[in-house]
Amino acid sequence: MDIQRCSESAIQVRNLTLKYGTRLIQQDLNFDVDAGDIFVIMGGSGCGKSTLLKHMIGLYKPAEGEILYGGQNFFSSSEAEQQKMRRSWGVTYQSGALFSAMTLAENVALPLQQFSNLSVAEIRDIVSYKLALVGLAGYEDYYPARISGGMQKRAGLARAIAMDPDILFFDEPSAGLDPLSAQRLDELILQLRDSTGATVVIVTHELASIFAIGSNGVFLDAETRTQLDTGSPEQMLNHSRHAKVRSFLARGEMSTTHNTLSGREARS
Ligand SMILES: Nc1ncnc2c1ncn2[C@@H]1O[C@H](COP(=O)(O)OP(=O)(O)OP(=O)(O)O)[C@@H](O)[C@H]1O
Ligand SMILES: [Mg+2]
């Protein structure tokens, strides 16, 4: 399927500085996410990847700078406009799992019950459809504890796409999965991007995932507390002027096998 390209970037990050209180986490972040991108936020542990994602979904207000969605400045928009933008996003958090006391169907139905006026029957149909999209047809009445970790992650994706979001934000979606399950999750993310046309912003330090699915990205550095580079993972690997970026990505080139299987060849 063709990915729609807008003349304007889906997301524009401008001169962003992120702090907790007075503690500086990242500064001078500047990058664009194009519509249809699978945009990877990468960097070592603790550099501020989740922090950036949380600012991008409006949980925290940046100390400085702007984030624009379709050209609209999120943090200077009215509460009503911010709500509208939030509803066009689907999110999975790094720690955020499913609600264990609810079935998969109840978990996926949650945003639809909260934010739509759909009938019980309509919601049930949508929930089954979304579960089928992530390969969980027939698992509506299962509780999270009774399915595997990989299936739980996929159910989380089903909940994130419940409202047909324009943008999907995933924080370490394959953390804790074995390599094969992680690879399947990557393939699912590609599939969802293609079938829904959504733009994907994903935090990961899994090098296999970065090369398998990333079309563009930004590399954050904990030491200098700013981005070292932005561009596609391949561009950064081969052309980054920062040795740190090249060696971070080169370890991935050598140690991964599935990047050549699913991503680059499938896309080219
Ligand atoms: N709510 C918070 N209040 C204060 N400091 C925080 C908060 N959340 C994170 N931090 C600190 O900010 C820094 C960046 O954290 P963050 O979770 O964004 O890193 P990360 O790149 O996502 O790391 P990881 O790869 O381990 O998930 C860390 O030093 C962390 O301790
Ligand atoms: Mg994190």
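In each ligand, atom 1 is the first atom listed, and ligand 1 is the first ligand listed. Computed from a predicted model, the values in this text were never measured in an experiment.
- Coordination check, Ser45 versus the Mg ion (ligand 2): failed, since every N/O/S atom of the residue sits at 2.8 Å or beyond.
- Remark: aromatic rings of Trp89 and Phe115 are distant, center separation not under 6.0 Å.
- Side-chain atoms of Asp125 and Ser128 include no donor-acceptor pair closer than 3.5 Å.
- Under a cut-off of 6.0 angstrom, the local environment of OH in Tyr139 is sparse, with at most 12 non-hydrogen atoms contributed by other residues, nucleotides or ligands.
- Inspection of the Glu140 and Thr103 side chains reveals no N or O donor paired with an N or O acceptor under 3.5 Å.
- Side-chain atoms of Tyr20 and Ile25, non-hydrogen and from C-beta on, do get closer than 4.5 Å to each other.
- Taking 4.0 Å as the cut-off between side-chain N and carboxylate O, Lys244 and Glu223 count as a salt-bridged pair.
- The residues lining ligand 1, counting any heavy atom closer than 4.0 Å, are Tyr20, Arg23, Ile25, Gly44, Ser45, Gly46, Cys47, Gly48, Lys49, Ser50, Thr51, Tyr60, Gln94, His205.
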